[in-house]
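The analysis underlying the following values was restricted to heavy atoms, covering all of them including side chains, and did not include hydrogens, waters or symmetry mates.
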Amino acid sequence: MKRLLLLIPCIALSACVYNQHTNEYHKGTEISAQQVATIEAGKTTKQWVLTNFGIPDRTQVEKDGLEVFEYVYERTEKSSKSFIFLFDIDSDKVASRKVTRVVMRDGIVQAIHVNDSK
């Protein structure tokens with residue numbers, strides 16, 4: 001019976017040893033709505049896009065001459081939970097992802113598309 005009485009406080013105290021950390025990571029180039037609004041289809045040049053947005057994360061050239069720049073931005077949350085210093089649980093979760101596609105022909109922007117998933 002005495003052992004049981006000693007065991008109860010130990011279990012209660014060990015349950016209090018819980019630690020959680022969450023870190024946020026950003027990757028890629030985020031193009032804001034204000035930046036997108038500055039682009040004029042049929043007028044804005046490829047050089048302007050490169051100067052103002054930087055090197056794209058992905059570039060694609062189509063057979064019909066279209067060139068596509070993709071700027072991909074991801075915000076990831078990494079969570080780490082530890083219990084009683086015996087084991088850890090780590091998890092990564094993409095909190096948001098935004099892809100901005102700039103479509104050009106002959107060095108002139110034809111269209112811009114933004115896919116924002118949160």
Side-chain angles (χ1 to χ4, degrees):
M1 184 66 168
K2 287 182 182 181
R3 286 186 183 176
L4 181 60
L5 289 175
L6 287 174
L7 188 59
I8 290 174
C10 290
I11 292 172
L13 286 174
S14 67
C16 295
V17 181
Y18 168 77
N19 193 5
Q20 178 176 352
H21 296 284
T22 302
N23 295 315
E24 193 172 276
Y25 298 95
H26 302 266
K27 177 178 140 187
T29 306
E30 182 176 22
I31 309 296
S32 71
Q34 291 82 8
Q35 289 174 300
V36 169
T38 62
I39 294 180
E40 292 183 60
K43 291 185 179 181
T44 304
T45 65
K46 174 182 176 178
Q47 188 57 49
W48 185 95
V49 172
L50 289 170
T51 300
N52 290 278
F53 294 171
I55 303 296
D57 298 302
R58 292 189 287 230
T59 303
Q60 182 178 346
V61 178
E62 302 288 332
K63 290 180 184 177
D64 62 358
L66 283 180
E67 187 173 10
V68 180
F69 285 177
E70 285 190 347
Y71 295 90
V72 181
Y73 171 77
E74 279 187 348
R75 184 174 60 86
T76 305
E77 293 176 350
K78 182 174 181 146
S79 180
S80 176
K81 300 173 187 173
S82 58
F83 301 94
I84 319 167
F85 304 111
L86 295 177
F87 59 94
D88 294 329
I89 298 174
D90 292 330
S91 65
D92 288 342
K93 179 179 91 170
V94 174
S96 65
R97 185 170 201 262
K98 183 177 184 179
V99 179
T100 304
R101 298 184 79 213
V102 181
V103 181
M104 295 168 285
R105 182 184 303 279
D106 300 324
I108 303 294
V109 174
Q110 301 300 305
I112 186 163
H113 307 283
V114 179
N115 182 359
D116 196 357
S117 60
K118 292 184 179 186

Margin query: For the CH2 atom of W48 and the CZ atom of F53, what is their distance to the nearest 0.5 Å?
Written below: 4.5 Å
Notebook entry, point to check: So if you build clusters from Ile, Leu, Val, Met, Phe, Trp, Tyr with side-chain heavy-atom gaps below 4.5 Å, do I108 and L66 land together?
Noted result: no
Item checked: 4.5 Å side-chain heavy-atom contact, K46 and E67 -> yes
Notebook entry, point to check: How long is the span from the CD atom in E74 to the OG atom in S117, to the nearest 0.5 Å?
Noted result: 8.5 Å
Notebook entry, point to check: Can you tell if the side chain of P56 reaches within under 4.5 Å of the side chain of T29, non-hydrogen atoms only?
Noted result: no
Next item on the list: Could you grab the distance from atom OG1 of T100 to atom CD of E70, nearest 0.5 Å is fine?
Entry: 9.5 Å
Next item on the list: Would you kindly say whether Q34 and T38 are connected by a side-chain donor-acceptor distance under 3.5 Å?
Entry: no
Checklist line | Minimum heavy-atom distance between V109 and T45, given as atom pair plus value | finding: CG2-O, 4.5 Å
Notebook entry, point to check: How close do K98 and V114 get, heavy atom to heavy atom, and via which atoms?
Noted result: CE-CG1, 3.7 Å
Checklist line | For the student: nearest non-hydrogen atoms of Q110 and A41, plus distance | finding: O-CB, 3.4 Å
Next item on the list: Hey, could you give me the CG/OH distance between D57 and Y71, rounded to the nearest 0.5 Å?
Entry: 8.0 Å
Next item on the list: Evaluate the side-chain proximity of I112 to V103: yes if any heavy-atom separation is below 4.5 Å, no if none is.
Entry: no
Margin query: Tell me if a side-chain donor or acceptor on R58 pairs with a main-chain N or O of V72 at a distance below 3.5 Å.
Written below: no
Notebook entry, point to check: Which word best sums up how the rings of Y73 and H26 line up, parallel for under 30°, tilted for 30 to 60°, or perpendicular for over 60°?
Noted result: parallel
Notebook entry, point to check: Between CD of E30 and CG of D116, what distance do you get to the nearest 0.5 Å?
Noted result: 8.0 Å
Item checked: Distance (rounded to the nearest 0.5 Å) between R75 CZ and Y25 OH -> 13.5 Å
Note to self: I'd like to know if V68 and V99 are part of one continuous hydrophobic network [Ile/Leu/Val/Met/Phe/Trp/Tyr, side-chain heavy atoms within less than 4.5 Å].
What the structure shows: no
Notebook entry, point to check: Any side-chain heavy atom of T76 within less than 4.5 Å of one from E24?
Noted result: no
